[in-house]
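Naming convention: chains lettered A, B, ... in sequence-line order (proteins, then strands); numbering from 1 in each chain.
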Amino acid sequence: MPELPEVETICRDLRKKIINKKIVSISVKKKNLIKQSVTGFKKKLVGNKIISIDRRGKLIIINLSTGNYLLIHLKMTGQLIYQQKDNIIAGGHGLPRPEQGLPSRFSHIIFIFSDKSQLFFNDIRQFGYMQIVDKEELDLVIDNYGIEPGLKNFTLDNFNNVLKNRKTSIKALLLNQKVIAGIGNIYADEICHLSSVRPMRRINTLTNDEKKKLWKYSTTVINNAIKKRGTTFSDYVDADGHSGSYVGHLKVFGKQGSHCTSCSKGVIKKIRHAGRGTHYCPNCQK
DNA sequence: CCTTGTGTTCTCCG
DNA sequence: CCGGAGAACACAAG
């Protein structure tokens with residue numbers, strides 16, 4: 001599940017691989033993954049060079065030489081895997097991993113560069129998408145994203161401001177991309193755990209100390225996860241097809257039934273909250 | 001009344 | 001069933 005740290009890892013990888021490369025052709029095998037006609041999509045991409053690669057929340061923004069932008073959202077199970085021409089061996093069935101061969105049956109869109117290297121957009125569940133926008137449309141899209149751990153706007157003051165007058169739960173707010181961008185289900189649970197706050201706590205009941213911890217651990221968790229190149233729980237891999245290792249640092253996500261390693265007294269509980277599987281320690285999270 | 005905020009459910013797919 | 005996140009919808013308060 002790519003959240004901010006996983007998407008950031010992919011962006012950093014891709015910058016080293018495809019900047020200045022020219023797209024010579026594109027294969028679209030599933031047209032429902034692009035938000036426009038296949039012909040329009042190809043017309044706007046083929047012949048372009050990749051100028052730069054950016055990210056806002058979980059959205060990848062690729063700046064093209066024509067001045068348009070290719071937006072890529074990986075949603076649940078999307079992958080972007082880059083392969084030099086010598087490594088490309090058609091896979092067909094197994095998992096969408098390079099060692100299984102690419103393209104696989106989940107390689108729905110493939111970019112081919114002038115040096116014959118390729119970028120595979122794989123997606124098992126097909127929730128992800130690609131879309132080409134101009135600068136004006138890009139600005140509108142970006143405006144819909146809230147403050148973001150790692151950006152200058154993620155100050156304690158701004159964090160307290162977005163929490164002000166909200167009646168929802170802290171987890172629902174952490175997941176709301178319009179308010180706070182980049183945090184998904186795994187890191188929301190981890191941030192709440194390290195802050196000793198239950199995910200379903202109403203925001204108006206949080207103490208100043210708890211809010212400060214939530215703000216601090218939002219940045220800590222996200223930054224540590226970036227250092228570990230993300231969390232691979234099921235399908236996430238980086239641009240080389242490798243897993244992230246933050247999974248070894250998870251305290252609550254997927255730990256239901258285990259003893260809490262923070263307080264060593266509680267047993268991690270899994271419930272459903274804010275429409276998501278939610279994990280917490282009933283002993284040390286209040 | 002209408003607008004705004006918020007919460008809930010549905011949708012895509014394997 | 002699960003789930004990222006937008007859409008559609010329901011409801012409440014100003």
May I ask you to evaluate whether [X] reaches the phosphate of [N], defined as a side-chain N or O under 4.0 Å from OP1 or OP2?
| X | N | result |
| --- | --- | --- |
| Arg166(A) | dG5(B) | no |
| Gln177(A) | dG6(C) | no |
| Arg125(A) | dG3(C) | no |
| Arg272(A) | dT8(B) | no |
| Thr168(A) | dT6(B) | no |

May I ask you to establish whether Lys35(A) and Tyr129(A) are in a cation-pi arrangement, using a distance under 6.0 Å from NZ or CZ to the six-membered ring centre and at most 45° from the ring axis?
yes
Heavy-atom side-chain contact between Ile226(A) and Tyr246(A) under 4.5 Å:
no
When Tyr129(A) and Gly275(A) are each assigned the nearest nucleotide of DNA chain C, the 5'-most assignment goes to Gly275(A)
Within the distance-only criterion (no hydrogens, no angle test), does the side chain of Arg55(A) pair as donor or acceptor with the backbone N or O of Val7(A) below 3.5 angstrom?
no
Distance in angstrom units between [X] [atom1] and [N] [atom2], rounded:
| X | N | atom1 | atom2 | value |
| --- | --- | --- | --- | --- |
| Ile124(A) | dC2(C) | CD1 | P | 19 Å |
| Asn122(A) | dC13(B) | CG | P | 17 Å |
| Arg276(A) | dG4(C) | CZ | P | 5 Å |
| His279(A) | dC2(C) | NE2 | P | 11 Å |
| Asn32(A) | dT11(B) | CG | P | 17 Å |
| Met76(A) | dG6(C) | CE | P | 15 Å |
| Arg202(A) | dT6(B) | CZ | P | 12 Å |
| Leu175(A) | dG3(C) | CG | C1' | 11 Å |

Can you figure out which of dG3(C), dG14(B), dG7(B) approaches the side chain of Lys167(A) most closely?
dG7(B)
Using a cut-off of 4.0 Å on non-hydrogen atoms, how would the nucleic acid contact of Asn165(A) be classed: base, sugar-phosphate, or nothing?
sugar-phosphate
So what does Gly277(A) touch, heavy atoms closer than 4.0 Å: a base, only the sugar-phosphate, or nothing?
sugar-phosphate
Relative to each other, are the rings of His279(A) and Phe253(A) parallel, tilted or perpendicular (30° and 60° limits)?
tilted
Hey, what do you get for CD (Gln79(A)) to CG (Asp235(A)), rounding to the nearest 0.5 Å?
6.5 Å
Using the six-membered ring for Trp and the full ring for Phe, Tyr or His, decide whether Phe127(A) stacks on the six-membered base ring of dG3(C) (centres under 5.5 Å, planes under 30°).
no
